[in-house]
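These notes concern the structure reproduced below.
Just so you know, ligand 1 is whichever comes first in the structure, and atom 1 is the first atom listed for that ligand.
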Amino acid sequence: MDGTMKASYYEGNRVLSVKETARPEPGPGEVLLDVAYCGICGTDVHIYHGAMDQRVAMPQTIGHEASGVVAGVGPGVTEWKAGDKVVVRPLDNRGETAADRGHSHVCAKLKFIGIDSPGGFQESWIVPAFTLHKAPEGLDLKTAALAEPLAVACHDVRMGEVTEGELAVVIGGGPIGMLVAMVAQAAGARVILSEVNPSRLAFARDIGIEAVNPLETDLPALCREKSGGSGADIVFEVSGAKAAALGMTDLLAIRGRIVVVAIYPKPVELNLFHFFWKELKLIGARVYEPADYEQALELMAARILPLEKMISAVYPLERIAEAFAALDANPEGMKTLIQCGGK
Ligand SMILES: [Zn+2]
């Protein structure tokens with residue numbers, strides 16, 4: 001496993017370069033992965049915009065939604081061997097302490113691989129062995145690259161304790177909102193997706209999700225109509241829009257739940273009277289746990305979700321700068337993947 005490889009680097013100020021570099025050797029507990037595909041996340045776009053420069057050590061390889069093939073293992077790694085097809089759960093919890101109460105996925109010293117340490121937009125990538133999950137037999141690695149965002153959706157739906165027949169509203173039809181809608185539907189919920197963008201509304205309807213524009217449709221009334229007057233059982237707030245946060249409590253039935261998936265960097269106004277009056281519950285959901293990855297991989301293996309349709313564009317690693325620029329120019333697409341190698 002010697003020689004050189006190509007890697008991309010975020011250099012700050014919307015610059016992504018691609019350079020030849022030495023192919024690394026895995027150390028103890030590490031695996032060398034030949035990255036097949038790595039998806040561009042909203043977080044990667046934030047990094048590209050310079051919004052996270054205080055956290056990213058430039059020049060740095062970013063990317064955390066990867067599938068690939070094991071190329072080699074370091075000392076002490078017995079559970080993986082060259083040729084294994086895998087996906088990466090990019091959480092490094094090695095700084096976990098007792099104060100984290102066993103919640104390693106959100107431990108205080110959590111390092112997010114691909115942000116706090118080098119990521120997957122490169123031909124070969126060194127990752128800790130404990131971050132890997134086996135890709136489903138026969139699944140192509142392009143679809144497998146959606147495991148990370150799908151695991152986010154599985155976590156959100158699990159945290160929301162969605163049950164068969166419940167009425168669920170997903171606010172925000174970006175890639176994560178779309179996946180949350182799919183997973184909630186697969187869990188037996190009746191889903192309404194709320195989105196203002198016409199092309200995203202059309203995309204949702206095309207894959208069998210009921211989608212409405214809340215500027216045109218009275219969403220609280222629609223929720224009551226579909227629930228015998230009660231309101232929705234659960235709302236997933238995925239939009240990050242202040243108006244959505246303020247309005248979400250209008251949609252819910254008594255004892256309804258809200259799962260906050262979107263990142264709100266600043267405090268926003270909520271209708272706390274609704275929480276009191278209807279005994280509502282507010283639940284945060286940040287990343288995922290191993291069980292969410294296993295569920296995401298099971299859903300992929302079962303081939304019941306229209307995941308292939310989520311892939312809007314694929315660019316080779318050499319053209320990563322073009323891929324980011326295209327996303328900037330047209331942010332309405334679902335998932336752009338970077339093909340890093342392994343044709
Ligand atoms: Zn992501």
Only pairs under 3.5 Å count here: list side-chain donor-acceptor contacts from residues 159-184, not counting sequence neighbours, and write none if there are none.
{"unit_1": "E166", "atom_1": "OE1", "unit_2": "T163", "atom_2": "N", "d": "3.0"}
{"unit_1": "E166", "atom_1": "OE1", "unit_2": "R257", "atom_2": "NH2", "d": "2.9"}
{"unit_1": "E166", "atom_1": "OE2", "unit_2": "R257", "atom_2": "NH1", "d": "2.8"}

Practice prompt. Using 2.8 Å as the cut-off, note every protein N, O or S atom close to the Zn ion (ligand 1).
Written response: C41 SG, H64 NE2, E65 OE2

Discussion item. Strictly by ring-ring contact (aromatic ring centres under 6.0 Å, His included), give each pair with a member in residues 58-95 just once, sequence neighbours left out.
Written reply: H64-F112

Worksheet item: With a cutoff of under 4.5 Å between side-chain heavy atoms, which Ile, Leu, Val, Met, Phe, Trp and Tyr residues group with F276?
Response: F273, W277

Item to complete: Decide whether N271 and T249 meet the rule of one side-chain donor and one side-chain acceptor closer than 3.5 Å.
Response: no

Discussion item. So, applying side chain to side chain contact (heavy atoms under 4.5 Å, CB included) with S67, which one of V87, L33, V86, L146 is it?
Written reply: V87

Discussion item. Angle between ring planes, F324 versus F121, binned at 30° and 60°: parallel, tilted or perpendicular?
Written reply: perpendicular

